[in-house]
Amino acid sequence: MKPYLKRAWAEVSLSGLRRNVEVIRSLNSEKTEIMAVVKADAYGHGEEKIVRCLAEECGIKYFAVSNLDEAVAVRKSAPEAEILILGYTPPEYAHEIAAYNIIQGVVSTEYALELVKNTKDTIRCHIKIDTGMGRIGLKHDTPEECAGEIEEMMKIDKLSVEGIYTHFAVADSDDPDNIAYTDRQEKFITDTYDVLAGRGIKLRHLHFMNSAATCYRNNPRSTLSRAGIILYGLHPDVSLEIPAGLEPIMELKAVISHVKTVKPGDCISYGRTFVADREMRIATVTIGYADGYSRLLSSKGEILVHGKRCRIVGRVCMDQLMMDVSDVPEAKSGDIVTLIGIDGGDRITADDLAQIYGTIGYEVVCGISKRVPRICID
Ligand SMILES: *Cc1c(COP(=O)(O)O)cnc(C)c1O
């Protein structure tokens, strides 16, 4: 392993990733292949090693990303892969889409025409249908109308339509109203596919499962399961358990740089928001909000030190924070501490941190900043 600065770093378990892939495969029918969603640097886990592991060791053939830069990066890590861009590519880059053999998500007839206008090559695409997410895609009142527009799009010169897909808004909910909503979204896209099939158009791909649908409403009609967050072992929504065997694969660690004893009345960190009410041992840790450890965790977050939970005291600074180690007498300068991960019998997950400051695990892992090296372990 290459040496790295032991200040603040993230350890990513590739064996954990392989196990998560196996669990996801066991959820899917034989007809459904995993499309690994590796946008945003593989949800902050480090795109290159994650993609290589998925392609070379797990046999994953399909990847999804958010943009062309990410697609080109994945192309380098996985030369044979099918890569779908879920988000927007400016039409003037149509040539690059074709040159790298990327599949573009196409959201309208107008956009499809812009793309093909900008290149001599054929653009491969999957057409996005907005069945209720309200974000991007063709929007129609009936599957028949929707199929009609797709049929017309298929006549566009240099556009190769290989599939249709949609995205669920509330597949991570067990509320009956939300389940009915997702049922309607699913019915719309499968009906659209069936109308096309009835007119003799059999597209290779029809996909609508994200992580939540893969876990809670797996449907063999989806040729791909666009698995994002569960690949990384986190919850689509913490109110619903994820299937057994899916485990977080990233740990976030840092080091104690300084330990001191403070007296009652001593203040800790900016703003003097924390004032010691007794004699305490305070340790300074080499991580801060510039590393993606949110300032919203000030005086709230907990850190594992020698297997015990220590509370953050005062404000999280840009590069450092302080915690109370009064109950961990062995804590000393140079010790490694766990901000996300397992230590002894205890564990703090990205989902736990998200709960504390009112966001989702997705944002926590995506927010771990660039200066934090990602270290792959097996
Ligand atoms: C991000 C994304 C996914 C993956 O979502 P998860 O909840 O992480 O599984 C799937 N499909 C689309 C269109 C997305 O944008």
Side-chain angles (χ1 to χ4, degrees), residues 17 20-21 23-25 27-28 32-45 47 50-51 54 60 62-68 70-71 74 82-89 102-108 111 125-139 163-174 178 182 185-186 188-189 205-219 222-243 246 248-250 349-351 354 359-367:
L17 177 65
N20 288 347
V21 167
V23 174
I24 299 166
R25 282 208 169 109
L27 300 169
N28 288 339
T32 302
E33 290 220 48
I34 295 172
M35 171 175 263
V37 183
V38 293
K39 61 196 182 192
D41 201 27
Y43 289 41
H45 290 64
E47 171 273 322
I50 293 284
V51 169
L54 290 169
I60 299 287
Y62 295 90
F63 292 87
V65 296
S66 86
N67 64 59
L68 183 60
E70 291 180 352
V74 172
E82 297 282 26
I83 304 167
L84 173 65
I85 296 179
L86 300 166
Y88 179 71
T89 306
I102 306 293
I103 306 166
Q104 174 64 47
V106 162
V107 300
S108 67
Y111 180 62
C125 77
H126 289 190
I127 296 175
K128 178 73 183 285
I129 318 296
D130 181 2
T131 59
M133 174 69 183
R135 193 165 64 178
I136 45 174
L138 313 191
K139 199 157 164 51
I164 59 171
Y165 68 111
T166 197
H167 194 47
F168 290 153
V170 282
D172 57 356
S173 166
D174 62 358
N178 284 335
T182 312
Q185 285 196 266
E186 190 179 271
F188 194 100
I189 188 90
H205 286 292
L206 157 68
H207 51 107
F208 45 80
M209 289 199 291
N210 55 3
S211 288
T214 301
C215 293
Y216 310 124
R217 42 182 306 138
N218 203 291
N219 181 337
S222 189
T223 59
L224 301 169
S225 83
R226 300 191 307 268
I229 201 73
I230 53 172
L231 268 182
Y232 313 102
L234 296 173
H235 292 64
D237 186 299
V238 286
S239 66
L240 291 183
E241 272 314 311
I242 50 177
L246 293 171
I249 64 169
M250 185 204 278
T349 67
D351 288 327
T359 184
I360 49 178
Y362 295 72
E363 188 174 355
V364 172
V365 286
C366 289

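Whatever order the structure lists ligands and atoms in, that order sets their numbers, starting from 1. From a predicted model like this one, the values you see are computed outputs, not experimental measurements.
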Using modelled atom types and a 3.5 Å cut-off, is there a donor and acceptor pairing between side-chain atoms of E82 and backbone atoms of I103? no
Below 4.0 Å from any atom of ligand 1, which residues have a heavy atom? Give them in chain and number order, please. V37, K39, Y43, L86, R135, H167, N210, S211, R226, G228, I229, Y362
With a 4.5 Å heavy-atom cut-off, do V38 and E70 have their side chains touching? no
H207, H205, H126 screened by ring pair (Phe, Tyr, Trp, His ring centres under 6.0 Å) with Y62, the one that passes: H205
Walk me through it: do Y111 and T89 pass the test side-chain contact (heavy atoms from CB on, under 4.5 Å)? CA-CA 10 Å; Y111 180 62; T89 306; 3.6 Å; yes
Can you tell which of N218, N28, T32 makes a side chain to side chain donor-acceptor pair (under 3.5 Å) with S225? N28
Judged by modelled atom types alone, do T349 and D351 share a side-chain donor-acceptor pair under 3.5 Å? no
